[in-house]
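To start, I am sharing the structure in question, which I have written as structure tokens.
Letters go in sequence order (proteins before strands), and every chain restarts at 1.
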Amino acid sequence: MEGADSRGVDPRATDGGTLPGADEGDGADEPARVVLHVDMDCFYASCERLRRPDLRGEPVVVGMGYEPGETIGAVATASYEARAFGVESATPISEALDRLPRRADADPDDPDAPDPDETGRYLPVDMAFYESVAEDVKAVLRDCADVLREVSVDEAYLDVTDRTAWDAVGGDDPASSAAAGPAEVRTLAEGYARHVKERIEREAGVPASVGVAPNMSAAKVASDADKPDGLVVVPPGAVAEFLAPLPTAALHGVGPVTERALAERGIETAGDVAAADADALAEAFGDRGRELVRRARGEDEREVTPRGLPKSLSRESSLPRTSDEERKRETVAALAADVARRARERGCLYRTIGIKAVEPPFDVNTRARSLPGPVDDPELVEEVALELLSEFADDAVRKLGVRVSNLDFSEGDQATLGGFEGAARGDEEDRPAGSRPAGSRSAAGRDGSKLTDWVDEESTAGEEWDGGDRGNGGDDAGPRRSEEGQASLGDWE
DNA sequence: TCTGGGGTCCTAGGACCC
DNA sequence: TCTGGGGTCCTAGGACCC
């Protein structure tokens, strides 16, 4: 509160000025952006509470792969009450049950049964319902920002520079900030963020934490800094100072491996990263190292942009460790069918088909094959996937996956552009095995069988397909046409 | 410590082309 | 042909995120 020193808001903001333009102090004369990161608090658990008020205040654990009464699966989300018992996201359900028994197993009259006060409610994931709640949240966000990037079902960035500013409120006597974080003076941005946060709670019925900062990276860290129900404001000029004391792992992009590698170099905090020699870190970590230094210094010029179309679709599932070839083939066939179905629902073609085989303890193997041209051909997905699997025919696996990538949304067939409501849905189920679906599309035109041939021998079809530059460097060359194709479930856009 | 499913991006080596 | 350089595409794996 004291010492209106260099930190905090740009001095001009404190004079109650209405000029839209506290700048970064960086030389640039564009006004500092106002970026919000909205992060829903234990979203799945909050959704469950929304429809089951009896769960409020209770430890709630939402498990994926979990069936009521079972001990399989892992924790997708734990409410904060459950976290107090050591139940974290990704904890195996069996372990979670050790720390926090099921309420159903409690019995006050049985000395051997758990104390009801030390039990929790376990529920399976109900994605469809969470998506419907997320829709309500999104409606608020869309209303509050011109530029919105939905990161996942429970997280989004908003650029609200055009809706608010870093100017202080309070006229000659600026009000002090009511938010957590380094802000000393209350700003318009803080008020706007609070407004967004309250609207989410009011209109969607679930709590959110919000971070406000001049860039995405800082906003992300800020939203995380005071969870749950947090509002953290980091004004321009205060970013590096805000980050400095945090452990490196608090930076977006620093996981366990990088954290360890940094620690070996005596780098423990974001401040240490900011002070590090960028070239030295680049040598150790590649471009990521350089980027990390910039982020830790509060520099991040990335624009908030809407998320583009997906780059791959995949499906995987764990299974009890097995070497049984038939079992593996059945699993892969089922996964392949599912991936192909989803691709068709979204109206996209794919040119690469791959599998993943995880061997115990945790040996991840991937294999992939690219086709001469993009296709929509469920039977080909199965065929290629099974062929790739054959390399692992004798190996024990604990998880299998199928993926399609090199997606192409531009060739959208009118019949399927409507997404899941299109022809895609029911028409493939009873198709006789072995017959090419009538709806099978392939940019190859001609007969689909050629593609199959190609799969079996490393054949020659490739040449005709060298369609010239595919312009690798995939970075979003902007959205391609047929945005409708993505109007599918499970996605924020 | 041995947990699940859906993704993204990056890197490195090899094949191939000019 | 074995010596140079530049570029793209493909595959496999790694790290990370939610």
Residues which pass ring-ring contact (aromatic ring centres under 6.0 Å, His included) with A/Phe242, listed by chain and number, not counting sequence neighbours: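 With neighbours one apart ignored, the set is empty.
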Going by an N to O cut-off under 4.0 Å, is there a salt bridge joining A/Arg321 and A/Glu359?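 A/Glu359 and A/Arg321: not salt-bridged.
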Calculate the interatomic distance between A/His252 atom NE2 and B/dG7 atom C1'; express it in whole Å.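 In whole Å, B/dG7 C1' lies 12 Å from A/His252 NE2.
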To the nearest 0.5 Å, how far apart are SG in A/Cys42 and CD in A/Glu48?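 Between atom SG of A/Cys42 and atom CD of A/Glu48 there are 11.5 Å.
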Short side-chain N/O contact from A/Thr352 to OP1 or OP2 of C/dC10, under 4.0 Å: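 No, outside the criterion.
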Please lay out, stage by stage, how A/Asp395 and A/Lys328 fare under the test salt bridge (charged side-chain N to carboxylate O under 4.0 Å, His left out). CA-CA 10 Å; A/Asp395 301 327; A/Lys328 289 185 286 187; over 6 Å; no
Pick the nucleotide of DNA chain B nearest each of A/Phe362 and A/Ser314; which residue has the one closer to the 5' end?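 Closer to the 5' end of DNA chain B: A/Phe362.
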Between atom CZ in A/Arg149 and atom P in B/dG7, what is the gap in whole Å?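 Distance check: A/Arg149 CZ to B/dG7 P gives 15 Å.
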Does A/Leu335 reach a base, just sugar-phosphate, or nothing at all? Heavy atoms under 4.0 Å.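 Nothing, no heavy atom under 4.0 Å.
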Between A/Glu198 and A/Arg202, does any side-chain N to carboxylate O distance fall below 4.0 Å?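 Judged by the 4.0 Å cut-off on N to carboxylate O distance, A/Glu198 and A/Arg202 do not form a salt bridge.
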Does the distance from a Lys or Arg side-chain N to an Asp or Glu carboxylate O, for A/Glu88 and A/Arg83, drop under 4.0 Å?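 Salt bridge flag = no for A/Arg83 with A/Glu88.
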Quick one: do the A/Arg294 and A/Ser217 side chains pair a donor with an acceptor below 3.5 Å?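 Absent: no donor and acceptor within the cut-off.
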Sub-4.0 Å heavy-atom contacts from residues 254-279 of chain A onto DNA chain C, ordered by number: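 Hits under 4.0 Å, by residue number: A/Val254, A/Gly255, A/Pro256, A/Val257, A/Thr258.
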Polar side-chain atom of A/Ser89 near backbone of A/Ala76 as donor-acceptor pair, under 3.5 Å: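 Pair found, side chain donor or acceptor close to backbone of A/Ala76.
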Between A/Pro361 and A/Leu313, which residue's closest nucleotide on DNA chain B lies nearer the 5′ terminus?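 Comparing both residues, the 5'-ward one is A/Pro361.
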Which pairs, protein N/O on one side and nucleotides 11-14 of chain B N/O on the other, fall under 3.5 Å?
none

Indicate whether OP1 or OP2 belonging to B/dG4 is found under 4.0 Å from a side-chain N or O atom of A/Ser317.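 A/Ser317 to B/dG4 OP1/OP2: no side-chain N or O under 4.0 Å.
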Going by heavy atoms closer than 4.0 Å, what residues in residues 86-96 of chain A are next to DNA chain B?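 By residue number: A/Ala90, A/Pro92.
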Round to a whole Å and report the spacing from CE of A/Met64 to P of C/dC18.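 It works out to 15 Å between those atoms.
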Side chain of A/Lys311: nearest nucleotide among B/dT8, B/dT3, B/dG7?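 Of the candidates, B/dT8 comes closest.
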When all nucleic acid strands are considered with a 4.0 Å heavy-atom cut-off, which category describes A/Gly253: base, sugar-phosphate, or nothing?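 Sugar-phosphate contact only.
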For A/Ser223 and A/Gly211, indicate whether the former's side chain and the latter's backbone hold a donor-acceptor pair under 3.5 Å.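 Absent.
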How many Å lie between CZ on A/Arg342 and P on B/dG5, as a whole number?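 The answer, rounded to whole Å, is 13 Å.
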Do the side-chain N or O atoms of A/Arg398 get closer than 4.0 angstrom to the phosphate oxygens (OP1, OP2) of B/dG4?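 The answer is yes; a side-chain N or O of A/Arg398 sits under 4.0 Å from OP1 or OP2.
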Just to verify, which of A/Arg121, A/Arg56, A/Arg49 counts as forming a salt bridge (Lys or Arg N to Asp or Glu O under 4.0 Å) with A/Glu81?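 Answer to the salt bridge (Lys or Arg N to Asp or Glu O under 4.0 Å) test with A/Glu81 among A/Arg121, A/Arg56, A/Arg49: A/Arg49.
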Paired stretches of DNA chain B - 3 or more consecutive Watson-Crick or G-U pairs, each distance under 3.5 Å: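 The stems are B:5-18 with C:5-18.
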Using salt bridge (Lys or Arg N to Asp or Glu O under 4.0 Å) as the criterion, point out the one residue from A/Arg344, A/Arg342, A/Arg346 that pairs with A/Asp376.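 Only one option passes, and that is A/Arg344.
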A/Tyr157: what forms a ring-ring contact (aromatic ring centres under 6.0 Å, His included) with it, not counting sequence neighbours?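 With sequence neighbours excluded, A/Tyr157 shows a ring-ring contact (aromatic ring centres under 6.0 Å, His included) to A/His37, given in chain and number order.
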